[in-house]
Amino acid sequence: MSTLYRFGISLEESLIREFDKHIQGRNYKNRSEAIRDLIRADLVKKQWLCDNEVAGAIIMNYDHHKRELVNKLMDIQHDFQKTVISTQHIHIDHHNCLEILAVRGKAKDVEELASRLKSRIGVKHVALSMSTTGSTLK
């Protein structure tokens, strides 16, 4: 278990009121938890910007009736077989599929994979959710 450190912080009254409304709307129990999450999010962002080892998910919506699209998407995923950990394929309706790719690797490789998937004709939307491998965040 890690040691907790206490420190003071000075904020304008209007900023702390807005922050309190923000954290209440997100169901935080206290300011400390909210501040910890903000710090972690900034550190995760830094890991991505520095091209460190990262983890995340790519969520993709596409028309599976688009000619050769499924094969092209599969080929791209095979090109990144060291990055793609797992996939889940969901049939939304007769024409649309949702695919979720769990990914891990260098940030630039994950971003390149998302970019290559997004650029295919018939892919309607791609979202990349960035996270960390967790080794440096507690």
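Since the structure is predicted, the reported quantities are computational estimates derived from the model, not experimental observations.
- Sorted by first then second residue, the side chain to side chain donor-acceptor pair (under 3.5 Å) pairs that include residues 108-122, not counting sequence neighbours, are D79-R116.
- Under the 4.5 Å side-chain heavy-atom criterion for grouping Ile, Leu, Val, Met, Phe, Trp and Tyr, L43 is connected to I35 within one hydrophobic cluster.
- Expressed to the nearest 0.5 Å, how far CG of L101 lies from NE2 of H89 amounts to 11.5 Å.
- Using the six-membered ring where Trp is involved, H94 and H64 have ring planes that are perpendicular, over 60° apart on the 30 and 60° scheme.
- A 6.0 Å sphere centred on NZ of K66 holds no more than 12 heavy atoms belonging to other residues, nucleotides or ligands.
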Discussion item. Run E99 and L117 through side chain to side chain contact (heavy atoms under 4.5 Å, CB included) and show every step you take.
Written reply: CA-CA 11 Å; E99 197 154 307; L117 293 168; over 6 Å; no
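- Between atom CD1 of residue I121 and atom CG of residue D63 there is a gap of 12.0 Å, rounded to the nearest 0.5 Å.
- Residues L128 and I85 do not share a hydrophobic cluster, defined by chaining ILVMFWY side chains whose heavy atoms lie under 4.5 Å apart.
- L113 and F80 get closest at one heavy-atom pair: CD1-CD1, 3.7 Å.
- Alongside I92, the hydrophobic cluster contains I59, I90, L98, I100 (criterion: ILVMFWY side chains under 4.5 Å).
- Linking ILVMFWY residues whenever their side-chain heavy atoms come closer than 4.5 Å, directly or via other members, leaves M74 and V103 in distinct clusters.
- In this structure the side chain of L73 reaches within 4.5 angstrom of the side chain of M60, judged on heavy atoms.
- With E53 as the fixed residue, the salt bridge (Lys or Arg N to Asp or Glu O under 4.0 Å) test singles out one of K82, K106, R104: R104.
- Screening residues 17-43 for ring-ring contact (aromatic ring centres under 6.0 Å, His included) gives no qualifying pairs among residues at least two apart or on separate chains.
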Worksheet item: Does the pair Y62 and V70 meet the rule for a side chain to side chain contact (heavy atoms under 4.5 Å, CB included), with working shown?
Response: CA-CA 9 Å; Y62 62 90; V70 174; 4.0 Å; yes
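- Here the closest heavy-atom approach between residue A34 and residue I23 is recorded as CB-CG2, 3.1 Å.
- Note that the OG1 atom of T83 and the CD atom of Q81 stand 9.5 Å from one another [nearest 0.5 Å].
- A salt bridge is absent between D20 and R17; no separation between the charged side-chain nitrogens and carboxylate oxygens falls under 4.0 Å.
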